[in-house]
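Hydrogens, waters and symmetry mates play no part in the numbers below; they use all other heavy atoms, side chains included. Computed from a prediction, not measured in an experiment: that's the story for all the values here.
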Amino acid sequence: MKQVIVVRRDLQMGRGKMVAQGAHASLGAFLEAQRMKPEWVERWLESGQKKIVVRVESLEELLSVYEEAKSLGLPVSLVRDMGLTQLEPGTITSVGIGPAPASLLDKVTGKLKLL
């Protein structure tokens with residue numbers, strides 16, 4: 001079991017902003033997983049809460065990952081920034097997927113590079 005956080009690099013967010021957006025994605029996906037697959041959440045919590053953070057280079061690539069995860073029935077969260085600091089309101093910054101079985105996540109994110 002693991003969780004994957006996918007972050008857009010083309011936005012050139014500062015490190016703190018990038019971490020905050022990843023945290024939003026992680027929590028959103030976690031809450032969705034609790035609703036959809038509580039047994040996955042339990043196994044993930046018991047196994048150390050493994051997280052992988054990967055990158056994409058465009059909005060189109062991020063949305064493709066999001067749609068593919070949804071089509072596989074994975075718990076997924078799309079993050080839109082509030083626009084209070086570095087980005088325009090509504091900017092899509094990241095996606096959280098899982099926790100879910102690694103084999104399912106790898107189908108969606110296995111080819112993406114680590115952040």
Side-chain angles (χ1 to χ4, degrees):
M1 300 301 289
K2 67 180 177 181
Q3 184 180 62
V4 178
I5 310 304
V6 187
V7 178
R8 282 179 62 189
R9 288 281 306 237
D10 62 307
L11 296 174
Q12 300 185 0
M13 294 179 276
R15 285 187 183 124
K17 182 69 169 180
M18 202 177 309
V19 169
Q21 296 304 297
H24 289 315
S26 175
L27 183 58
F30 173 83
L31 293 171
E32 185 65 13
Q34 274 190 316
R35 186 184 68 74
M36 292 175 62
K37 298 282 191 176
E39 65 278 9
W40 287 359
V41 170
E42 189 64 34
R43 287 183 16 219
W44 181 69
L45 290 171
E46 291 172 354
S47 65
Q49 304 170 30
K50 183 177 182 180
K51 295 170 202 72
I52 308 295
V53 183
V54 296
R55 67 181 190 242
V56 294
E57 303 301 329
S58 69
L59 174 59
E60 293 75 20
E61 194 177 359
L62 186 71
L63 291 175
S64 176
V65 168
Y66 174 74
E67 291 299 332
E68 187 173 358
K70 278 181 54 177
S71 74
L72 291 174
L74 293 169
V76 62
S77 174
L78 182 71
V79 177
R80 294 178 190 271
D81 191 65
M82 292 293 294
L84 302 176
T85 57
Q86 299 176 19
L87 303 171
E88 292 296 317
T91 301
I92 297 172
T93 61
S94 55
V95 166
I97 312 169
S103 60
L104 290 176
L105 289 170
D106 289 346
K107 289 180 182 181
V108 179
T109 62
K111 294 180 182 177
L112 299 176
K113 294 184 180 189
L114 295 174
L115 180 65

With heavy-atom distances below 4.5 Å as the criterion, would you say the side chains of [X] and [Y] are in contact?
| X | Y | answer |
| --- | --- | --- |
| M82 | P89 | no |
| M18 | L115 | yes |
| P99 | Q3 | yes |

Heavy-atom closest contact ([X] atom, [Y] atom, distance):
| X | Y | result |
| --- | --- | --- |
| L114 | R55 | O-NH1, 2.9 Å |
| L105 | A100 | CD1-O, 3.6 Å |
| M36 | G73 | CE-O, 3.2 Å |
| G14 | Q86 | N-OE1, 3.0 Å |
| A25 | S77 | O-CB, 4.0 Å |

For the atom pair [atom1] ([X]) and [atom2] ([Y]), what is the distance rounded to the nearest 0.5 Å?
| X | Y | atom1 | atom2 | value |
| --- | --- | --- | --- | --- |
| S26 | L31 | OG | CG | 9.5 Å |
| Q49 | F30 | CD | CZ | 7.5 Å |
| H24 | L78 | NE2 | CG | 13.0 Å |
| L59 | R8 | CG | CZ | 4.5 Å |

- Query: Where do E61 and Y66 land on the side-chain contact (heavy atoms from CB on, under 4.5 Å) test, with the steps shown first?
  - Reply: CA-CA 9 Å; E61 194 177 359; Y66 174 74; over 6 Å; no
- Query: Between the side chain of W40 and the main-chain N/O of G98, is any donor-acceptor distance below 3.5 Å?
  - Reply: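 No; judged by distance alone, with no hydrogens or angles, the pair does not exist.
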- Would a distance-only check, ignoring hydrogens and angles, find a side-chain to backbone donor-acceptor pair under 3.5 Å from K50 to G48?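 Pair absent, no side-chain N/O of K50 close to backbone of G48.
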- Please test S94 against Q21 for side-chain contact (heavy atoms from CB on, under 4.5 Å), starting from the C-alpha separation and ending with a verdict. CA-CA 6 Å; S94 55; Q21 296 304 297; 3.9 Å; yes
- Task: Can you spot which of V54, V53, V79 makes a side chain to side chain contact (heavy atoms under 4.5 Å, CB included) with I5?
- Result: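 Looking at V54, V53, V79, the match for I5 under the side chain to side chain contact (heavy atoms under 4.5 Å, CB included) is V53.
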- Query: If you measure from the Lys or Arg side-chain nitrogens to the Asp or Glu carboxylate oxygens, is any gap between K70 and E68 under 4.0 Å?
  - Reply: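 No, no charged N to carboxylate O under 4.0 Å.
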Cluster link [X] to [Y], ILVMFWY, side chain under 4.5 Å:
| X | Y | result |
| --- | --- | --- |
| L72 | L62 | yes |
| L74 | V7 | no |
| L11 | V65 | no |

- Show your working on side-chain contact (heavy atoms from CB on, under 4.5 Å) between L87 and M13 and close with a plain yes or no. CA-CA 8 Å; L87 303 171; M13 294 179 276; 4.0 Å; yes
- Query: Is there a salt bridge (Lys or Arg N to Asp or Glu O under 4.0 Å) between K17 and D81 once you walk through the steps?
  - Reply: CA-CA 10 Å; K17 182 69 169 180; D81 191 65; 2.7 Å; yes
- Query: Are there more than 12 heavy atoms of other residues, nucleotides or ligands under 6.0 Å from atom CD of E39?
  - Reply: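 Correct, the count exceeds 12.
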- Message: So, using side-chain contact (heavy atoms from CB on, under 4.5 Å) as the criterion, who are the partners of E42 when residues are at least two apart?
- Response: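 Counting only residues at least two positions away or on another chain, E42 forms a side-chain contact (heavy atoms from CB on, under 4.5 Å) with E46.
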- Task: Report the C-alpha distance between V95 and L63 in whole Å, list the side-chain angles of each, state the deciding distance to 0.1 Å, and finish with yes or no for side-chain contact (heavy atoms from CB on, under 4.5 Å).
- Result: CA-CA 9 Å; V95 166; L63 291 175; over 6 Å; no
